[in-house]
Novice: 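Take this structure first; my questions come after.
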Amino acid sequence: MALVVQGLYGLLAYLASTRRREVGVRMALGATALAIALRVGGQGLAATVAGALVGLGAALALRRVLGTLLYGVAAVDGWAIAGSFALLLIAAFVASFAPALRAARVDPMVALREE
C-alpha cells in the first residue's frame, strides 16, 4: 500500500505541475483555493476509482485463474474486495492531498510568467 500511495502521489504531483499555468489562469480569473484543491484532488480520486473498477472487472473475469492462486479466500470474496477498494480510496485521498494543496497555493502571477 505504501507503493500505491507513493506512486499516486508522484503521478498527481506531476499532473498538477504540468497544469500549473492553467491553475494560475483559473486563480487569476477568480477561482478560490478550495475550488482548485477540490478539482486537482477530485481528478486524482476519479482516476483511482476508474482504475479500481477496471481492476475489479479484470478480477471477476479471471476469477477461475485467481481461484487456483488464492489460499483460504474465495475468488470472489465480497469483504476482501470491498476492504481493498476502501483501502485504495483512502490511499488515493492521502496521496492526492499534498498535490492539491500545492496547486491551491500557486501564485497566479508567477504561474503566468513561467513558460
Side-chain angles (χ1 to χ4, degrees):
M1 195 51 67
L3 285 174
V4 169
V5 172
Q6 184 179 7
L8 280 172
Y9 171 77
L11 177 67
L12 293 173
Y14 172 73
L15 290 176
S17 69
T18 60
R19 298 179 61 198
R20 186 176 174 119
R21 187 172 178 95
E22 176 193 344
V23 169
V25 169
R26 287 182 185 274
M27 292 190 82
L29 291 175
T32 63
L34 178 63
I36 297 295
L38 288 175
R39 184 173 184 90
V40 171
Q43 287 175 342
L45 288 176
T48 303
V49 168
L53 291 176
V54 168
L56 176 64
L60 290 176
L62 299 171
R63 66 178 164 224
R64 284 186 197 222
V65 174
L66 292 174
T68 62
L69 300 173
L70 298 172
Y71 177 75
V73 179
V76 186
D77 185 13
W79 287 106
I81 290 173
S84 62
F85 191 76
L87 195 59
L88 180 67
L89 288 181
I90 291 169
F93 179 76
V94 168
S96 65
F97 186 69
L101 286 180
R102 191 175 306 122
R105 287 184 278 168
V106 168
D107 184 20
M109 291 307 295
V110 172
L112 292 174
R113 285 186 197 137
E114 286 181 358
E115 189 59 26

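Computed from a prediction, not measured in an experiment: that's the story for all the values here.
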Novice: If you take all heavy atoms of A104 and A37, which pair is closest and at what distance?
Specialist: CB-CB, 4.1 Å
Novice: Take atom CZ in F85; do more than 12 heavy atoms of anything else shown fall under 6.0 Å from it?
Specialist: yes
Novice: Could you tell me if the side chain of R102 sits less than 4.5 Å from the side chain of V40, heavy atoms only?
Specialist: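 No, their side chains stay 4.5 Å or more apart.
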Novice: For atom CG of L29, is the number of surrounding heavy atoms from other residues, nucleotides or ligands below 6.0 Å larger than 12?
Specialist: yes
Novice: Under the side-chain contact (heavy atoms from CB on, under 4.5 Å) criterion, do V23 and R39 qualify, and how do the steps go?
Specialist: CA-CA 10 Å; V23 169; R39 184 173 184 90; over 6 Å; no
Novice: Between L53 and L89, is there shared hydrophobic-cluster membership here, with clusters defined by ILVMFWY side-chain heavy atoms closer than 4.5 Å?
Specialist: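 The answer is yes; both residues are in one hydrophobic cluster.
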Novice: Considering non-hydrogen atoms only, spot the tightest contact between G24 and P108 and give its length.
Specialist: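 Scanning both residues, the minimum pair turns out to be O-CB, 3.6 Å.
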Novice: Rounded to the nearest 0.5 Å, what separation is found between the OG atom of S96 and the CG atom of L11?
Specialist: 11.0 Å
Novice: Quick check: closest heavy atoms across S84 and I81, and the distance to 0.1 Å?
Specialist: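 Closest approach of S84 to I81, heavy atoms only: OG-O, 3.0 Å.
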Novice: Supply the atom-to-atom distance R19 CZ to Q43 CD, rounded to the nearest 0.5 angstrom.
Specialist: 4.0 Å
Novice: Measure across G41 and A100 and return the closest heavy-atom pair with its distance rounded to 0.1 Å.
Specialist: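 Closest heavy-atom pair between G41 and A100: N-CB, 4.0 Å.
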Novice: If I take atom OG1 from residue T48 and atom CD1 from residue I90, how far apart are they, to the nearest 0.5 angstrom?
Specialist: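 Answer rounded to 0.5 Å: 12.5 Å.
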Novice: Could you tell me whether the side chain of M27 reaches within less than 4.5 Å of the side chain of I36, counting heavy atoms only?
Specialist: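 In short, these two side chains touch, coming nearer than 4.5 Å.
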Novice: What pair of heavy atoms forms the shortest contact from T18 to L15, and how long is it?
Specialist: OG1-O, 2.8 Å
Novice: Take atom CD of E22 as the centre, draw a 6.0 Å sphere, and report whether it contains more than 12 heavy atoms from other residues, nucleotides or ligands.
Specialist: yes
